[in-house]
K.L.:
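Got a structure here, written out as structure tokens. Questions coming.
In the text below, chain A, chain B and the rest are named by the order of the sequence lines, each starting its count at 1.
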2 protein chains.
Amino acid sequence: MAANSRLTIATHVLTWLALAHRRGQEVLTSDQVAASVNTNSVIIRRSLGDLRRAGLVEVRHGAGAGWSLARAPREITLLQVYDAVGGEPPFGLHRSEPNLECPVGRGIRPALNQTYGRVEQAIRRELADTSIADVLREALRN
Amino acid sequence: MAANSRLTIATHVLTWLALAHRRGQEVLTSDQVAASVNTNSVIIRRSLGDLRRAGLVEVRHGAGAGWSLARAPREITLLQVYDAVGGEPPFGLHRSEPNLECPVGRGIRPALNQTYGRVEQAIRRELADTSIADVLREALRN
DNA sequence: CCTTGCCGTAACATTTTGTGTTACAGCTAC
DNA sequence: GTAGCTGTAACACAAAATGTTACGGCAAGG
């Protein structure tokens with residue numbers, strides 16, 4: 001399944017909420033969002049749950065329930081979304097512990113953590129540079 | 001299994017080859033390498049196969065066979081290793097095509113590809129900045 | 001030239017993770 | 001109270017990474 005698509009799904013959800021709001025739709029149900037993403041509404045509710053816990057969306061219960069953005073699209077960066085959905089780092093260390101008798105086996109993990117940490121920071125910098133407003137604008141150009 | 005560990009394994013292999021060479025070991029068999037990584041030798045041969053196709057290591061067949069680096073450790077960057085093992089991008093797009101009736105569903109993928117492309121470039125810049133010699137030095141500090 | 005030790009790779013088992021689906025209790029506006 | 005949607009558990013399914021076994025192929029050295 002290649003890389004995971006949670007960041008993509010969550011961003012899609014937020015972007016759709018942003019456009020709907022601009023069109024006068026106060027709230028959207030998970031079914032309405034699912035129709036745009038083309039998947040099951042439980043998947044969407046799971047994603048929206050992550051986003052709610054991160055304070056990026058709000059939910060209204062009971063009759064006439066639904067979801068809306070908790071802040072302006074330009075105030076939501078993809079980095080916040082990335083953190084909200086619990087993105088995993090791109091590279092994993094050894095699945096099973098390397099041989100600690102070997103000098104390389106002993107020192108490789110801290111060495112790689114250093115480089116992988118720099119990579120992670122670079123990713124975060126780029127994600128922080130794009131907002132939902134940016135994505136919406138770019139999406140509508142197509 | 002979280003993220004995949006191919007880059008980690010391949011880097012470990014190269015680092016171990018670099019240290020062995022410095023210690024006077026001309027070549028290492030896949031079994032010897034596997035002992036340091038603590039995994040099956042077939043896994044190592046698969047990784048070494050990738051590295052050989054990328055021109056980073058050389059193999060000697062027949063009796064007394066084994067592997068050695070094809071160039072100096074400082075001339076091998078983690079970016080080359082990343083490309084050799086065919087790293088996948090960190091974020092995937094939608095698994096199933098979004099609803100093209102929706103403006104967001106229609107435009108979201110090119111919009112995200114733009115951002116994801118910038119992320120990929122940032123990753124590559126960082127990886128290009130670390131060599132096997134760097135990893136070896138750092139590993140031996142521990 | 002043939003034996004020996006290792007490579008190269010196919011085939012399959014296992015594990016892990018992501019995703020999709022069904023079901024149902026809980027909440028709130030009306 | 002009732003209708004409509006959320007929140008989440010439980011399970012099914014698919015895909016990918018990793019581990020394992022097996023065996024043909026190659027080349028150095030006798």
Side-chain angles (χ1 to χ4, degrees), chain A residues 1-10 12-13 17 20 25-35 37-54 57-68 70 85-98, chain B residues 1-10 12-13 17 25-35 37-54 57-68 70 85-99:
Chain A
M1 108 209 30
N4 94 32
S5 62
R6 279 200 293 250
L7 179 61
T8 294
I9 300 299
H12 186 149
V13 168
L17 284 180
Q25 281 262 340
E26 272 296 316
V27 300
L28 290 180
T29 69
S30 60
D31 262 324
Q32 292 173 307
V33 177
V37 180
N38 190 25
T39 183
N40 193 287
S41 61
V42 174
I43 304 289
I44 299 300
R45 288 207 287 273
R46 289 208 269 248
S47 184
L48 281 163
D50 289 337
L51 296 172
R52 178 175 54 76
R53 278 182 284 278
V57 299
E58 284 167 350
V59 63
R60 227 161 68 189
H61 278 241
W67 303 84
S68 55
V85 301
E88 294 197 57
F91 308 122
L93 291 181
H94 307 66
R95 165 174 299 204
S96 53
E97 185 168 75
Chain B
M1 108 210 27
N4 94 31
S5 61
R6 280 200 292 248
L7 179 61
T8 294
I9 300 299
H12 187 150
V13 168
L17 284 180
Q25 281 262 340
E26 273 297 315
V27 300
L28 289 180
T29 69
S30 59
D31 263 323
Q32 293 173 307
V33 177
V37 179
N38 189 27
T39 184
N40 193 289
S41 61
V42 173
I43 304 290
I44 299 300
R45 288 207 288 271
R46 289 208 269 248
S47 184
L48 280 164
D50 288 337
L51 296 171
R52 177 175 54 76
R53 278 182 284 277
V57 299
E58 283 166 350
V59 63
R60 226 161 68 189
H61 278 239
W67 302 85
S68 54
V85 300
E88 294 197 56
F91 308 122
L93 291 183
H94 307 67
R95 166 173 299 204
S96 54
E97 186 169 75
N99 182 356

K.L.:
Grab the CD-C1' distance between B/Glu88 and D/dA15 for me, whole Å please.
P.N.:
11 Å
K.L.:
Figure out the CG/P separation between B/Leu7 and D/dT18, and round it to whole Å.
P.N.:
11 Å
K.L.:
A/Thr29 or B/Asn40: which one's nearest nucleotide on DNA chain D is closer to the 5' end?
P.N.:
A/Thr29
K.L.:
To the nearest 0.5 Å, how far apart are NE2 in B/His94 and CG in A/Asn38?
P.N.:
9.0 Å
K.L.:
To check you understand the geometry: which heavy-atom pair defines the closest contact between A/Ala65 and A/Arg60, and what is its length?
P.N.:
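Reported closest heavy-atom pair: CB-O, 2.6 Å.
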K.L.:
Please examine the side chains of A/Glu58 and A/Ser68, heavy atoms only from C-beta on, and report whether any two atoms are closer than 4.5 Å.
P.N.:
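Yes, side chains in contact.
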K.L.:
So, taking the atom named CZ in A/Arg53 and the one named CG in A/Leu48, what distance separates them when rounded to the nearest 0.5 Å?
P.N.:
10.5 Å
K.L.:
Ignoring backbone atoms, establish whether A/Arg52 has a side-chain N or O less than 4.0 Å from OP1 or OP2 of D/dG7.
P.N.:
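Checking A/Arg52 against D/dG7: at least one side-chain N or O falls below 4.0 Å of OP1 or OP2.
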K.L.:
What distance do B/Ile44 atom CD1 and B/Ile9 atom CD1 have between them, rounded to the nearest 0.5 Å?
P.N.:
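Reported value, rounded in 0.5 Å steps: 6.0 Å.
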K.L.:
Measure the distance from CG on B/Asp31 to P on D/dT21 and round it to the nearest whole Å.
P.N.:
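My rounded result for the distance is 13 Å.
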K.L.:
Whole-Å distance between C/dC7 P and B/Arg53 CZ?
P.N.:
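Those two atoms, CZ and P, are 15 Å apart.
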K.L.:
Check whether any side-chain N or O of A/Ser30 sits under 4.0 Å from OP1 or OP2 of D/dC5, and answer yes or no.
P.N.:
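False: A/Ser30 side-chain N/O out of range (4.0 Å or more) of D/dC5 OP1/OP2.
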K.L.:
Give a yes or no answer on whether the side chain of A/Thr8 reaches the backbone of B/Gly92 with a donor-acceptor pair at less than 3.5 Å.
P.N.:
yes
K.L.:
Do B/Val59 and B/Val27 have side-chain heavy atoms sitting under 4.5 Å apart?
P.N.:
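Contact flag for B/Val59/B/Val27 side chains = no.
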K.L.:
Using whole Å, report how far CZ of A/Arg6 lies from C1' of C/dG20.
P.N.:
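Atom-to-atom, A/Arg6 to C/dG20, this comes out as 14 Å.
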K.L.:
Could you walk me through whether B/Arg45 and B/Ser30 satisfy the side chain to side chain donor-acceptor pair (under 3.5 Å) test, starting with their C-alpha distance in whole Å, then the side-chain angles of each, then the deciding distance to 0.1 Å, before giving a yes or no?
P.N.:
CA-CA 6 Å; B/Arg45 288 207 288 271; B/Ser30 59; 3.2 Å; yes
K.L.:
Could you tell me how far apart B/His94 (NE2) and C/dT19 (P) are, to the nearest whole angstrom?
P.N.:
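It is 11 Å, rounded to the nearest whole Å.
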K.L.:
B/Asp50 has an atom CG; how far is it from atom P of C/dC7, in whole Å?
P.N.:
15 Å
K.L.:
Could you write out each protein N or O paired with an N or O of nucleotides 26-30 of chain C at a distance under 3.5 Å?
P.N.:
unit_1 : atom_1 : unit_2  : atom_2 : d
C/dT28 : O4'    : A/Gly62 : N      : 3.4
C/dT28 : O2     : A/Ala63 : N      : 3.1

K.L.:
Considering only D/dT6, D/dA17, C/dG18, which nucleotide approaches the side chain of A/Asn4 most closely?
P.N.:
C/dG18
K.L.:
Does anything in residues 41-49 of chain A reach DNA chain C, meaning a heavy atom under 4.0 Å, and if so which residues?
P.N.:
A/Val42, A/Ile43, A/Arg45, A/Arg46
K.L.:
Using side-chain heavy atoms (C-beta onward) and a distance below 4.5 Å, is A/Arg46 in contact with A/Val42?
P.N.:
yes
K.L.:
When you measure from the side-chain N and O atoms of B/Ser5 to the phosphate of D/dA17, is any distance below 4.0 Å, counting only OP1 and OP2?
P.N.:
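No.
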K.L.:
Starting at atom CD of B/Gln32, determine the distance to atom C1' of C/dC6, rounded to an integer number of angstrom.
P.N.:
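Distance check: B/Gln32 CD to C/dC6 C1' gives 11 Å.
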